[in-house]
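These notes concern the structure reproduced below.
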Amino acid sequence: MSDTNSSLPSPAASHPTTLLLVDGSSYLYRAFHALPDLRGPGGEPTGAIQGIVSMLQKLRQEYPAAHAACVFDAKGKTFRDDLYAEYKAQRAPMPPELAAQIAPIHEVVRLLGWPVLEVPGIEADDVIGTLAAVGAASGHQVVVSTGDKDLAQLVNPQVTLVNTMSAEKLDEAGVLAKFGVPPDRIVDYLTLMGDAVDNVPGVEKVGPKTAAKWIAEHGSLDGVIANADSVKGVAGENLRKALDWLPMGRRLVTVKTDCDLAGHLPGWPSIEALGFGRPQVEALLAFYTRLGLRTFKRELERASGIEPADASPAPARSHGLFAASNEDEGDLPALPEVGETSHVAVLDWPDFEDWFGRIRAAPLVALDTETDSLEPMRARIVGLSFSVKPGEACYIPLTHNYPGAPEQLPLDEVLARLKPWLEDAGRPKVGQNLKYDGHVFANHGIALRGIAHDTLLQSYVLEAHKPHSLESLAERHLGRKGLSYEQVAGKGAQQIPFAQVSVEIATQYSGEDSEMTLHVHEALWPRLERDSKLRYVYEQIELPTARVLQTIERHGVLIDAALLQQQSRELAERMVALEAEAHALAGQPFNLGSPKQIGEILFNKLGLPAKKKTASGAPSTDEDVLTELAADYPLPAKLLEHRSLSKLKGTYTDKLPLMVNPDTGRVHTNYAQAVAVTGRLASNDPNLQNIPIRTAEGRRVREAFVAPPGSKILSADYSQIELRIMAHISEDEVLLKAFADGIDVHRATASEVFGVAVDQVSSEQRRYAKVINFGLIYGMGAFGLASNLGIETKAAKDYIDRYFARFAGVRRYMDETRLQAKAQGYVETVFGRRLWLPEINSPNGPRRTGAERQAINAPMQGTAADLIKLAMIAVQGALEAENRATKMIMQVHDELVLEVPEAELEWARVEIPRLMAGVAQLKVPLLAEVGVGPNWEQAH
DNA sequence: CTGCTAGCATA
DNA sequence: GTATGCTAGCAGA
C-alpha cells in the first residue's frame, strides 16, 4: 500500500478554485427511476443509493475540486409554498422504495467525505443558486451538477452546468444551443412554459418552441408582455389570459441567489467550510456490506490496500491515502482511522505510572470496568481499562484468579492511586453505560465524576430504535468487530467468572472495550454536536438523568418482606382451594397454570365454544375469553381467579422478598435508560414499574413498599400528562380551554361528544369519553375502540367522527403527524427527541398502519418521558442544593416516589409538585398531584 | 439448559 | 390501539 496507488478520485490534483455543487434532490428521483429495482440482503431497496454513489465518484474524478457540496431539499415549506398554495401540490408522494433510501443516501454521501447541505425552508435549487453566486464572486469556477433544466438560469462565465447522468455539459453557448435562449432569459422562458412537475402554470399551449420564439422576437418576458396584444392566434389569446399570472410565475421559477445560510454553513458567508472530508473507509465498508454493494466494497478495498474480506481481518489501515484531501476538511467530522491496535496489560508500578501520566494528560479518557457480577450493586472490580486514543488501551488486571495467573497490582492501592482522578469532575471521561461503572466504583467507595460522555446515550439519542451494545456500535459506525463477551467468558452454564479469564485475553477484550468506546465517541459525538435539538436531549436530558438514576438505584426501596411473605401464604391457601374446585368442575386434575391444558379441558373435554386463537393457532384462554365464558359456565371464573392470584404470588409476593439486597436491606432496581424507543425508562431486576394497582388484591402489594421509621412515602404524579401534551402540540382550542379552565378532561370530552352540558355528563358518558381519550393517545381506530367498549364498530366510528368534529385541532394534528412521519421517517417530541419509524412507508399494510399509530403515540409518550426526566433532574438538583435528606426512590413514567423524613414533609409536599409542574411552560398548565402515607398504597 | 409462547402487570 | 418486563409451561436440545 502506498500513498499514490489509489484508484479513488485523485484529490492530489484538486483544482483549488473549483467549487462543485451537486443537486442531490434532482438526482434522487432520476437515479431511482433510471435503475432497476435493486435490493440489499435484507430486501431493502438500493437502486437510488447505487446511482448516487457512482455518480458522485464519477463526478469527483472528472472535476477535481477543493470545495464542494451535495445539496438536498429539506422537509417543510419554502417561500414558494407561501407565495403559491398549489406549488408542487400535484406531486405524488415519494415512492416508499425511494423514501427508504433517503437516510442511507445522506449517510453514504457523508461517509464519502462530501459536505452535505440540507437547509430547512430553502429548496436545494436556491441553496445551489446562492452558493454558486458566492463561489463565483469569490473567484471560483463553479460546476453545478444537476438533472434539472431550471438551473440553466445560473450559467454565466464562472458557472457551468453538467448533467452527470447524461454526461451533458452546458456553458453559456450550450444553454443557447439547447434552449434557444441565453441563460439570463431562461427564467423568462420557464415562466412562459410553466413547470408541470412543480405544478406552476405558464401560458396554455406554449411549449419550449413558442417560448423561445417569443423571447427571440421581443427580447424578454417583459417585451413579450408589452407586445401581448400583437400576438396572433390561440397562443396569443392564451397569453393575454395569463398576463396577470406571469409575474407570480416568474417569481416561482426564479432560483434565489441571496439566501441566508447562516447556521447551516460554518463561517458563512465564506464557503471555506465546504471542503471534502476524508472518506471514512471502515464505516463505508460496513455500509457497503450491510447493503450488499459488493462492487463498491471491492473497489474501496482495492483502493485502500485492504485484503478482501474472508481473509484474515487485517486492520483497515488507510492513513495517508487520502492525505492530500485533508487540508481543508472544514469542520466536517472525519473518523480517525485505526491501524494496528495495541492493548497492553499493566502489571507493575512503573507501567502503571507511565499510563497514569498519559491518562492525566489526556483531554478525554475512555474507561471500562471488568467485574465479577452483572448486578450493579454487588459487582466487584476484576480489572480496569483506559484509553486516550482509538486503537490503544491499557488493561490493569487486579483480581484475576486462576491457576498460573500472573502476579497483579494490588486492587486497593491501585484504586487509592486512581481515586483523586476518578473523583475529579474536571477530568472528562467517556464510557459505554457509565451508570454501571459508576455503581461499580461506588461499591469500592469511589464517586465517579466528570462523566462528559456516554456512548450508550449518544447512540440512543441518535437512533433509539437500533441496537446499542458496544459491539453493535463498533460494527455499525466503525466497521470494527471486537471480541464478544461470549467469546471471552463463554455463555450460559459454561460461563466462567471474569476473574478466571486469562489476563492476555482480558487485556485484548477490555482494552477494546475502552478504546472502541473512544472511537465510537469520535464517530457519534460530532453528529450530536452539530444538531442543536439532539444535542439538547443528550446533554440536558439524558446525561444528567443517568446520574439521577444512579442515585435512585443506590438508595433502593425499603420492602416489608415479612408482609409479602404473609400475603404469599394467604394467596397459596386460596389457590389450593380454587384448584380443588376447578379439578372437580373439570372432572379430572390438570395444571391450572398451563394454557395448553386449560384449552384441552375447556374446548375438547367440556366442549365450550372457542372464542379466538393465539398467534400460533391454538384456542386462546386469555382473560377476555375466560371472562366471556364465565357468563355461561362455572369453571372459567375459577381459572380467572386462580390466574390473578398466581400472577400476584409468582411475580410479586414471592419474588420481591428474594430481591432484597442483604447488604442494604433494600431492593435496588435497575433503570434501563436506552431501551424504550419513545424515551421512557424501563425498570428491571425487579421491575418496579408494574406493581399492581387496579385491584384491591393487587394493591396490597403496594402496602409492602414502606418508609422507614421517622419517614413517609410521598408520591407525586402528573395529572393527564399525555392529554395535556396532545393539547399543547395540537393547539386544539377546545382542549386547551378545558385544561386552562381546570375542567375534568374526560367530562369535557363527554360533554362535546354527547352534546350535553359539562355538569350533565353521566358517569357512563364519562367512562366512554375516557376510553376515547386513551384510544386517541394510542392512535386508535374504530375497531379497537369498539372491542374495548364492547359496542359495534359502526357505533365506535360514530363516536370518533363526533369527537373529531368537535376537536378539529386534534384531527389536524393526527393527520399532520402521519404525513410528517411519512415524509421524513421520524417524528419528534416537544424537546426535539427524534423517534424513528422505519416502517412508516412499508409496502406491508399492517406494518405500515402500525407505524402510523406509533407516529401518533410517540410524540405524546416521548414528550411525557422528556418532562419527567427533566423533573427528576430538577428534584434531585433541589435535594442536593438544599442538602435535604429526602430521597427519590422510584419513577413510574408519570409518577415520582420519594422517601421523606417527617422533618422535610412540609417542604416536600409543596416543592416536589411545584418542581414537577415547573419544568416546562406548555400551552396548558402542568399539574402534579401529591399524596403521603406510611407506604406506597396509602400515599395515593 | 435454552429459547420460545401465552398471558398479564404497569403507564 | 402505544410503551415495557417477568413468569410458568413447554419443546427441543
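None of the values given here were measured: they were computed from a predicted structure. First the proteins, then the strands, lettered A, B, ... as listed; each starts at 1.
- Here salt bridge (Lys or Arg N to Asp or Glu O under 4.0 Å) pairs that include residues 592-611 of chain A, with residues two or more places apart or in two chains, are K611(A)-E628(A).
- Closest to the side chain of P595(A), from the set dG5(C), dA3(C), dG7(B), is dG7(B).
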Please tabulate, one pair per line, all N/O donor-acceptor pairs under 3.5 Å involving side-chain atoms of residues 776-800 of chain A, not counting sequence neighbours.
from    : atom 1 : to      : atom 2 : distance (Å)
S787(A) : OG     : G784(A) : O      : 3.1
K797(A) : NZ     : D801(A) : OD2    : 2.9
D798(A) : OD2    : R802(A) : NH1    : 3.2

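- Judged by atom type and distance alone, Q689(A) does not reach the base of dT4(C) through any side-chain donor-acceptor pair under 3.5 Å.
- Remark: nothing in residues 810-832 of chain A comes within less than 4.0 Å of DNA chain B through any heavy atom.
- With hydrogens and angles ignored, no donor-acceptor pair under 3.5 angstrom links the side chain of R694(A) to the base of dA9(B).
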Please list, for nucleotides 11-13 of chain C, all pairs of protein and nucleotide N/O atoms separated by less than 3.5 Å.
from    : atom 1 : to      : atom 2 : distance (Å)
dA11(C) : OP1    : K596(A) : NZ     : 2.7

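- Partners of K822(A) according to the salt bridge (Lys or Arg N to Asp or Glu O under 4.0 Å) rule, which considers only residues two or more places apart in sequence or in another chain, are E852(A).
- In this structure, the OH atom of Y671(A) is 17 Å from the P atom of dT4(C), given to the nearest Å.
- A donor-acceptor contact closer than 3.5 angstrom is absent between the side chains of E839(A) and Q854(A).
- Not counting sequence neighbours, the partners of R700(A) by the side-chain hydrogen bond (donor to acceptor under 3.5 Å, both in side chains) test are E570(A).
- Residue pairs satisfying the salt bridge (Lys or Arg N to Asp or Glu O under 4.0 Å) criterion with at least one member in residues 549-561 of chain A, sequence neighbours excluded, are listed as follows: K435(A)-E553(A).
- Of all the residues in residues 864-875 of chain A, not one reaches under 4.0 Å from DNA chain B with any non-hydrogen atom.
- Under the side-chain hydrogen bond (donor to acceptor under 3.5 Å, both in side chains) criterion, D685(A) pairs with no residue, sequence neighbours left out.
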Check nucleotides 1-3 of chain B against the protein and report each pair of N or O atoms closer than 3.5 Å, with its distance, or say if there are none.
from   : atom 1 : to      : atom 2 : distance (Å)
dT2(B) : OP1    : A493(A) : N      : 3.0

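- Checked by atom type, the side-chain pair T678(A)/Q861(A) shows a donor-acceptor distance below 3.5 Å.
- Of all the residues in residues 646-662 of chain A, K647(A), Y652(A) reach under 4.0 Å from DNA chain B with at least one non-hydrogen atom.
- Under 3.5 Å, the side chains of S620(A) and T614(A) contain no donor-acceptor pair of N or O atoms.
- Checking Y460(A) against Q673(A) by side-chain atom types alone, no donor-acceptor pair falls below 3.5 Å.
- Near DNA chain B, meaning a heavy atom under 4.0 Å away, the residues from residues 602-618 of chain A are T614(A), A615(A), S616(A).
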